[in-house]
Amino acid sequence: MNEEMKEVPFFTQLLRNTGATFTLTILAISLAGMIVAGLDPNLREVCSLFVLAQFGLAYNAVLQIAGLSVIIAAISTFLFSENVFYKMRFFLRINLFLLMVMIVVSLFALIFKWFPMNQPVVWLQFFISTFVFSLISIGLSLFKLKLEGKKYNKLLESYKARHNINQ
């Protein structure tokens with residue numbers, strides 16, 4: 001992690017992560033709802049998240065997603081903090097994060113009855129879509145890290161060239 005992020009207080013980092021997580025989660029669920037509502041007109045009878053079907057998310061669903069986002073952001077901030085698990089491999093952190101996200105999202109789906117318990121196909125679709133969107137999110141994060149790494153390597157090379165440093 002870069003030096004600026006080490007100096008950011010935990011609470012500020014948590015707020016940043018919550019905002020990003022909430023925004024991406026709302027967008028992903030809205031996109032999934034638009035696609036599924038277009039394919040299945042009986043969606044509002046199956047899933048409490050999409051009671052309004054193609055018209056949008058219910059207010060209580062948005063608040064549930066906000067709570068979910070706070071918890072996921074706290075997990076992310078805790079797991080990827082340089083102060084907590086500084087010796088844990090990044091790949092292990094990502095896998096642990098993915099597992100914890102799946103558990104938390106599943107608990108929210110159970111507690112708030114997002115899906116009926118007696119329809120295993122719906123739950124299978126839920127797990128697959130949650131897993132896929134999590135992988136996409138992790139992939140985008142890794143891509144961003146790779147681009148930042150290239151940028152910092154160029155800056156380092158430029159610095160070394162200006163100061164005649166050979167290593």
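Values below: all heavy atoms of this structure, side chains included; hydrogens, waters and symmetry mates excluded.
Annotation: the span from Leu124 atom CG to Gln119 atom CD amounts to 12.5 Å, rounded to 0.5 Å. Atom CG of Asn153 sits about 8.5 Å away from atom NZ of Lys160, to the nearest 0.5 Å. Interatomic distance, Leu68 CG to Leu107 CG, rounded to the nearest 0.5 Å: 10.0 Å. Going from atom CG of Leu140 over to atom CG of Leu145 covers 11.0 Å, rounded to the nearest 0.5 Å. Atom OG1 of Thr77 and atom CG of Asn17 lie 3.5 Å apart (nearest 0.5 Å). Note that the CZ atom of Arg93 and the CG atom of Leu79 stand 7.5 Å from one another [nearest 0.5 Å].
When the side chains of ILVMFWY residues are joined at heavy-atom separations under 4.5 Å, either directly or via intervening members, Phe127 and Ile72 end up in a single hydrophobic cluster. Follow the hydrophobic side-chain contacts under 4.5 Å out from Val132 and you never reach Leu24; the two are in separate clusters. Phe78 and Leu14 fall into different hydrophobic clusters, where Ile, Leu, Val, Met, Phe, Trp and Tyr residues are linked whenever their side-chain heavy atoms come under 4.5 Å apart, directly or through other members. In the hydrophobic clustering of ILVMFWY residues, with side-chain heavy atoms under 4.5 Å counting as a link, Ile71 and Leu15 come out apart. Under the 4.5 Å side-chain contact rule for hydrophobic residues, Val101 and Trp123 share a cluster.
Contact between Ser69 and Thr18 at its shortest, heavy atoms only, is CB-O, 4.1 Å.
Judged purely by distance below 3.5 Å, without hydrogens or angles, the side chains of Arg16 and Thr12 never pair a donor atom with an acceptor atom.
A donor-acceptor pair under 3.5 Å is formed between the side chain of Thr130 and the backbone N or O of Phe126.
The shortest distance between side-chain heavy atoms of Phe131 and Ile128 does not fall below 4.5 Å. A 4.5 Å side-chain heavy-atom check between Val70 and Thr21 finds every atom pair outside the cut-off. Side-chain atoms of Leu96 and Ile75, non-hydrogen and from C-beta on, never get closer than 4.5 Å to each other.
The aromatic rings of Phe80 and Phe97 stand perpendicular to each other, their planes meeting at an angle above 60°, with 30° marking the opposite boundary. Taking the six-membered ring for Trp and thresholds of 30 and 60 degrees, Phe112 and Trp114 have nearly parallel ring planes, at less than 30 degrees apart.
When the options Val104, Val105, Ile111 are evaluated for a side-chain contact (heavy atoms from CB on, under 4.5 Å) with Phe108, the one that passes is Val104.
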